[in-house]
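Numbers here simply count residues along the sequence, with the first being 1.
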Amino acid sequence: MAEIRDEWRARVAAALEGMRKEKSIDVPAIGMSAVSAETPPDPAMGDVGFPMFAFAKAFRMGPPQIAAEVVRRLAEDTSTAALGTVKQVGPYVNAFLSRSYVAGNTLAAVAAAGDSYGKLDILAGQRIMIEFSSPNTNKPLHLGHLRNDALGESVSRILAFSGAEVFKVNIVNNRGIHICKSMLAYQKFFAGKTPESEGVKSDRFVGDCYVAFNTYAKEHPEEAEREAQDLLIAWEAGDAKVRELWARMNGWAENGIKQTYARTGVSFDKIYYESETYLKGKDEILAGLEKGIFYREDDGSVWVDLAPINLDKKVLLRKDGTALYMTQDIGTAIHRHADWDFNRLIYVVGSEQQYHFKVLFYVLQKLGYEWSKDLYHLSYGMVNLPEGKMKSREGTVVDGDDLINSLRDGALEEIQAKGREEAVGDPADVAEKIALGALHYFLLQTTPTKDMIFNPKESLSFQGNTGPYLQYMGARISSILRKVEAECAFDAAGNATAGALAGGSVKAELLTDEAEWELLKAIGDYPQQVARAAENRDPSAISASLYDTAKCFSRFYHDCPILAAGNPDLARTRLELARATRSVLKSGMKLALVPFLETM
């Protein structure tokens with residue numbers, strides 16, 4: 001689709017350039033990049049529209065008059081007929097694409113690429129590091145983490161699919177007062193117990209300690225805070241017993257978190273630890289102070305003036321010389337660039353940290369790091385449940401594993417209710433994949449910047465804009481292909497020798513039904529949506545494309561029988577269209593972290 005749209009853009013540009021020359025208009029030559037393309041609101045108006053507003057001033061003509069002249073010139077060119085027809089719709093030049101041309105090119109492109117259809121090279125040569133997840137080792141991953149992880153993993157796959165070399169990193173927040181609070185609660189209320197002895201997943205066990213500290217702090221606020229601070233001081237002093245407990249509890253938390261990563265298909269190329277990075281950056285700030293980049297207040301603290309970016313000021317070193325999170329992140333960014341020379345570093349972090357990253361990027365720029373211009377904050381909104389906001393310390397956060405388990409159990413009940421246990425093969429495995437599809441698709445169908453409510457019941461629906469709906473369509477097409485294999489015989493070259501397809505061949509010009517055309521357009525548009533998702537770091541473009549394709553296939557399957565087409569050529573061509581749909585679904589679902597299912 002992109003190729004024929006670009007060909008039309010080029011021809012419209014050529015017509016405009018011809019008019020410019022004839023009228024001796026003193027403006028730069030009009031090339032394809034000057035012509036924008038839009039999709040008309042009504043398919044009856046055309047498949048692609050080219051607005052003429054941008055040329056009205058230079059041509060001293062109304063956009064409708066320009067459109068009429070462009071249409072006249074295009075119609076005179078007999079070679080245009082191979083691409084379709086064109087007409088004026090007000091200020092627009094609207095093209096009706098040649099359906100046989102689009103069908104032939106699209107089916108050939110998908111057949112050649114298979115499940116890699118849509119793969120691009122627009123980011124070839126780019127080295128992109130992406131940081132996401134950043135869990136704390138005092139609790140298991142919760143729903144908020146799951147949105148972060150889904151965004152980070154999906155964007156990573158989309159960027160790699162678009163030609164970039166991607167390096168996924170994670171920084172584990174494994175030190176600080178919040179970690180010491182879990183440690184203190186363990187000493188007081190869980191001493192001698194282990195995740196194994198309690199029959200609890202190891203990260204959940206540590207999270208229970210954190211909740212217990214909060215209960216204790218409500219009853220003894222001053223004492224609880226003082227004791228936690230004492231543990232932090234002991235940790236920083238290298239106290240052997242404190243360090244041993246810290247390492248043991250961190251190990252429990254991290255092992256449990258890694259299990260959730262494996263379950264959800266999330267992985268990293270390198271993991272950093274705050275305990276190894278929290279001292280980094282201090283020397284950079286002191287060097288900047290000597291150069292006059294920063295300044296020292298009377299109490300000895302070091303600050304940066306943020307007036308050039310319309311902010312106030314920010315402390316970078318406390319009066320006692322200790323570092324802050326900002327200091328640490330400055331040092332970590334510099335360390336990472338030395339580790340892996342990136343063209344761009346993307347931070348997947350919630351929108352509440354927008355100020356932090358504005359300051360971070362500015363400070364690195366002030367320190368003279370040229371690559372600071374290549375840093376990007378992929379900001380995303382809050383995610384909650386219909387019941388309301390979640391709070392870790394009060395134990396009201398939804399454990400990620402518990403949520404997936406609940407979705408899995410719901411999917412298993414649906415399989416059992418429909419008596420599909422034997423048909424799906426391994427009901428528990430299929431239910432798990434349906435749960436992951438429901439979760440990830442729901443989290444990724446919304447533009448990252450928006451807050452969202454995750455509704456478990458809606459996400460599991462097998463109808464509408466959901467992951468299970470996509471999985472059902474993929475399984476349905478797979479079933480069609482299996483039926484064809486069972487009912488038709490094929491030779492070594494793949495030609496049908498018996499059955500409804502016998503003697504048939506792919507003839508794109510036979511795809512004339514409206515349902516076939518809408519499906520072809522959805523398939524042809526997929527690479528463009530991959531490019532859009534990569535450019536905007538927004539997986540919702542992929543989700544929308546998948547849903548559109550699935551809906552179009554549903555209509556096609558209803559209106560256009562395949563084996564019962566009554567014509568071997570038409571049957572074979574429609575089968576090829578079904579195969580192409582399956583390839584798009586498999587490709588896009590992988591990018592959207594939705595497991596593809598052969599049976600459901």
Ion pair check, D6 and R9, cut-off under 4.0 Å: yes
Donor-acceptor under 3.5 Å (Q88 side chain, G90 main chain): yes
Between D559 and R555, is the closest basic N to carboxylate O distance under 4.0 Å? yes
Using side-chain contact (heavy atoms from CB on, under 4.5 Å), reason through N384 and D451 one step at a time and then give a plain yes or no. CA-CA 8 Å; N384 286 302; D451 291 344; over 6 Å; no
Charged tip of K418 within 45° of F462 ring normal and under 6.0 Å: yes
Side-chain touch L83/W8, heavy atoms, less than 4.5 angstrom: yes
Between R20 and E17, is there a side-chain N and carboxylate O pair less than 4.0 Å apart? yes
Residue of the set K590, M589, Q471 for which side chain to side chain contact (heavy atoms under 4.5 Å, CB included) holds with P595: Q471
I'd like to know whether T549 forms a side-chain hydrogen bond (donor to acceptor under 3.5 Å, both in side chains) with Y526, so could you lay out the CA-CA distance, the side-chain angles of the two residues, the decisive distance to 0.1 Å, and finally the verdict. CA-CA 9 Å; T549 302; Y526 173 65; over 6 Å; no
Heavy-atom closest pair (Y261 atom, S133 atom, distance to 0.1 Å) is OH-OG, 2.5 Å
Got a donor-acceptor contact below 3.5 angstrom from the H142 side chain to the G400 backbone? no
Which label fits Y547 and Y469: parallel for a plane angle under 30°, tilted from 30 to 60°, or perpendicular past 60°? perpendicular
With rounding to the nearest 0.5 angstrom, report the CD to CG distance, E516 to L570. 6.5 Å
Beyond-backbone contact of L597 with M600, side-chain heavy atoms, under 4.5 angstrom: yes
Side-chain touch L519/C560, heavy atoms, less than 4.5 angstrom: no
Find the distance between CG (D569) and CG (L501) and round it off to the nearest 0.5 Å. 10.0 Å
Backbone N/O of S267 and side chain of K168: donor-acceptor pair under 3.5 Å: yes
I'd like to know if the side chain of T581 and the backbone of L577 have a donor-acceptor N/O pair within less than 3.5 Å. yes
Any side-chain donor near an acceptor of the partner, E598 and S478, under 3.5 Å: yes
Assess, by modelled atom type and distance only, whether the side chains of R11 and S79 contain a donor and an acceptor separated by less than 3.5 Å. yes
Salt-bridged, R73 to E22, with N to O below 4.0 Å? yes
When the ring centroid of F454 is compared with that of F442, is the distance short of 6.0 Å? yes
Just how far is it from atom CZ of R532 to atom CG of D538, taken to the nearest 0.5 Å? 7.0 Å
Just by modelled atom types, is the K450 backbone N or O under 3.5 Å from a matching donor or acceptor in the T447 side chain? no
Can you tell me how far CG of D525 sits from CG of D548, rounded to the nearest 0.5 angstrom? 7.5 Å
Pairing of K521 and E518 as salt bridge, 4.0 angstrom limit: yes
If only atom types and distance count, is the side chain of S162 paired as donor or acceptor with the main-chain N or O of I158 below 3.5 Å? yes
Smallest separation among heavy atoms of L159 and A534, with atom names: CD2-O, 3.8 Å
Using distance alone, with no hydrogens and no angle criterion, decide if T260 and D401 have a side-chain donor and acceptor under 3.5 Å apart. yes
Side-chain touch V48/T39, heavy atoms, less than 4.5 angstrom: no
Is there a side-chain contact between S379 and V348, using heavy atoms and a 4.5 Å cut-off? no
Is there a donor-acceptor pair under 3.5 Å between the side chain of Y117 and the backbone N or O of I523? yes
K586/D115 ion pair, N-O < 4.0 Å: yes
Nearest 0.5 Å, please: how far is NZ in K483 from CD in E487? 5.0 Å
So do L436 and T264 actually touch side chain to side chain, heavy atoms under 4.5 Å? yes
Do any N or O atoms from the side chain of D426 and from the backbone of D429 form a donor-acceptor pair under 3.5 angstrom? yes
Please report the closest heavy-atom contact between R537 and V155, naming both atoms and the distance. O-CG2, 3.9 Å
Does L385 reach the side chain of N455, with side-chain heavy atoms less than 4.5 Å apart? no
dist R127:CZ -> F342:CZ (nearest 0.5 Å) comes out at 10.5 Å
Are side-chain heavy atoms of L107 and T573 found at a separation under 4.5 Å? yes
Using a 3.5 Å distance criterion without hydrogens, assess whether the side chain of N94 forms a donor-acceptor pair with backbone atoms of K87. no
Heavy-atom pair of closest approach, residues S583 and V110: CB-CG1, 3.7 Å
One thing to verify: whether R263 and E432 come together as a salt bridge, which I'm taking to mean a side-chain N less than 4.0 angstrom from a carboxylate O. yes
Might you point out which heavy atoms bring A15 and V70 nearest each other, and give the distance in Å? CB-CG1, 4.0 Å
Ring centres under 6.0 Å, that's the criterion: do Y347 and F132 meet it? no
Tell me, with the steps shown, if L16 and V35 meet side-chain contact (heavy atoms from CB on, under 4.5 Å). CA-CA 9 Å; L16 288 165; V35 179; 4.0 Å; yes
Distance-only side-chain donor-acceptor flag, N148 / Y380, under 3.5 Å: yes
Aromatic ring pairing F55/F59, orientation class (parallel under 30°, perpendicular over 60°, tilted between): tilted
Exercise: do Q445 and N465 side chains pair donor with acceptor under 3.5 Å: yes
Looking only at heavy atoms, which two atoms of L74 and V12 are closest? And how far apart? CD1-CG2, 4.1 Å
Modelled atom types, side-chain donor and acceptor of Y441 and T466, under 3.5 Å: no
Is a side-chain donor or acceptor of R5 paired with a backbone partner of E38 at a separation under 3.5 angstrom? no
Applying side-chain contact (heavy atoms from CB on, under 4.5 Å) to V102 and D47, what does each step give before you reach the verdict? CA-CA 11 Å; V102 170; D47 298 309; over 6 Å; no
